2 protein chains.
Amino acid sequence: MGTTQLETVPEPKYWHLKTVLSEALDSEFAVGEILPNERDLAARFGVARATLRQALEQLELEGRLQRRRGVGTTVAPPRMGVAVGSAQGTWPGAVGDAWQPADCGPAVPPADVARMLETLPEEQVHRVRRTRVSHGQPVAAELLYVPTSSVPELTGIDAPSGAARARAVLRELAGLGLEGQDRAVELGSARADDAKALDRLPGAPVLVVTTRFFAEGRTAAVSVATYRADTCRLTFGDSGGVEIHHGPERHAS
Amino acid sequence: MGTTQLETVPEPKYWHLKTVLSEALDSEFAVGEILPNERDLAARFGVARATLRQALEQLELEGRLQRRRGVGTTVAPPRMGVAVGSAQGTWPGAVGDAWQPADCGPAVPPADVARMLETLPEEQVHRVRRTRVSHGQPVAAELLYVPTSSVPELTGIDAPSGAARARAVLRELAGLGLEGQDRAVELGSARADDAKALDRLPGAPVLVVTTRFFAEGRTAAVSVATYRADTCRLTFGDSGGVEIHHGPERHAS
DNA sequence: CAGTGGTCTAGACCACGGT
DNA sequence: CCGTGGTCTAGACCACTGA
């Protein structure tokens, strides 16, 4: 008998399904359109719902879909480019930096941040909370850790709380001469509080951008910013700030 | 002290499980140590294997675990920092840039790359494949697209194949005056070929770094590099190249 | 070969958003 | 209230690794 056409196709069902759906999204759906619900889709493709969900998860990870509990699954717009490294460094809070200070209070930084700041393990620092909105959507939440030694003028004053205090810390910081900065990007998952700020479920994939600010020969502040990985493409303009339009194509399938 | 008591605690099991495991990893396990298998772990925690796996997946995404089919689950070392933006830009292939040219041949670039290169939709360009190894492990696979117009000297010559040809293209490129570059980072999932090069399964999370190289007033080349998201922390040294040691702590839970 | 993680199924119930 | 996606279960089989 003829051997069957398919010589060894141990391609997982969910993988094949993802490809099929991806092509359908390109050709048959418009941005914002809602897909059939998961139960219907699974039945239509003859697979269990869990398998269908595995494919949808991948597509959501790649920024092609957006799923919201109680609502449905919609076709996501192309990722928005968010500038994160404006040429030479500037202090956070510089004019027009797209961040909105939300809060500020004392806190003990995580151990890795404390190491960068060279503070003692249990030492408190100022922690400024900020959020970033782009195209009407929250895209990032930031925790900025500022040792009290970096903003000495603030130590004794009566402390306005909330956003006012946050602005005061940023203003103090801007007085220092910024000597350089250092950035790292890695994959993480949203903590419960970040998730809420980003309008996502806890555990959602995020791009964590850690920035060290150097002044007076030491690390004057550390920023840990978590960006929604599904909707954001981080841009680092090492040259003139050329704006690029990306199409719906994907870099990795 | 406050009222922050449980107003409702429908915390998912897998989320709680992840927290418990995460703490256990910090205190009771050494890097490289193998965990009990999934069936045992699930039984020990009194959950279904699928639920246990959901927790493990998160931990793997955060770079705390490494799972290999047929082998087992091991405790991963802290993510390694890989430099991806060495101060001022240099052409790919500059001395000591940690990349190893593997192959080169003609190819039609994806539509978004073609747009950046301003080539015609079906126009062929040189495609150089390179891989990057760090600490004895493959960490990234790159596709570098170079329009024929950027390396005119190469058009007529007899073409050595493979790595030799790749090196020839890079050498030609280095002759141009680099005017700047532009970088973007986003989350993706590994294509089948990238997955093989990175020793991962297809669909594994990757950080996709797209770099545009400008010369002679236009985009002379585009690089699309996919880094293993589980093992890598991308560093962008905007200031002097200070080396940072990160501990096992995580930025996002 | 035995043991591991990877895939898949067919159900069930829950939390949430809108009506 | 209903319909949605999110969580969870208890199985089954497959693909791969290493002894």
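Just so it is clear, the model here is predicted, and its values are computed rather than measured. Convention: sequence-line order gives letters A, B, ...; per-chain numbering from 1.
- Proximity of B:R67 to the phosphate of C:dG6: a side-chain N or O atom is located under 4.0 Å from OP1 or OP2.
- Under a 4.0 Å N-O distance rule, the pair A:R49/A:D40 does not qualify as a salt bridge.
- Checked for salt-bridge contact, B:R200 and B:D230 meet the test: a charged N lies under 4.0 Å from a carboxylate O.
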What's touching nucleotides 7-11 of chain D from the protein side, N or O pairs under 3.5 Å?
unit_1, atom_1, unit_2, atom_2, d
D:dT7, OP1, B:Y14, OH, 3.0
D:dC8, OP1, B:K13, N, 2.1
D:dC8, OP2, B:Y14, N, 3.2
D:dT9, OP1, B:K13, NZ, 2.9
D:dT9, OP2, B:A48, N, 2.9
D:dT9, OP2, B:T51, OG1, 2.4

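- To the nearest 0.5 Å, atom CG of residue B:L21 and atom OH of residue B:Y14 are 13.5 Å apart.
- The base of C:dG5 sits with one of its N or O atoms less than 3.5 Å from a complementary donor or acceptor on the side chain of B:R39.
- Computed from coordinates, the B:L41 CG to C:dG6 C1' distance equals 16 Å when rounded to whole Å.
- Between B:L65 atom CG and C:dG5 atom P there is a gap of 11 Å when expressed in whole angstrom units.
- Residue B:T73 has no polar side-chain atom (N or O) positioned under 4.0 Å from OP1 or OP2 of C:dT4.
- Using a 4.0 Å cutoff on non-hydrogen atoms, no part of residues 29-36 of chain A comes near DNA chain D.
- The pair A:R130-A:D97 meets the salt-bridge criterion, since a charged nitrogen lies less than 4.0 angstrom from a carboxylate oxygen.
- Rounded to a whole Å, the CD atom of A:E57 is 10 Å from the C1' atom of D:dG6.
- A:R132 and A:E142 are not joined by a salt bridge, as no carboxylate oxygen comes within less than 4.0 angstrom of a charged side-chain nitrogen.
- Using a 4.0 Å cut-off between charged side-chain N and carboxylate O, A:K18 and A:E11 make no salt bridge.
- OP1 and OP2 of C:dG3 both lie 4.0 Å or more from every side-chain N or O belonging to B:N37.
- Under 4.0 Å is where a charged nitrogen must lie from a carboxylate oxygen, and between A:D26 and A:R64 at least one such pair does.
- Taking the charged nitrogens against the carboxylate oxygens, A:R115 and A:D112 have no contact shorter than 4.0 Å, which rules out a salt bridge.
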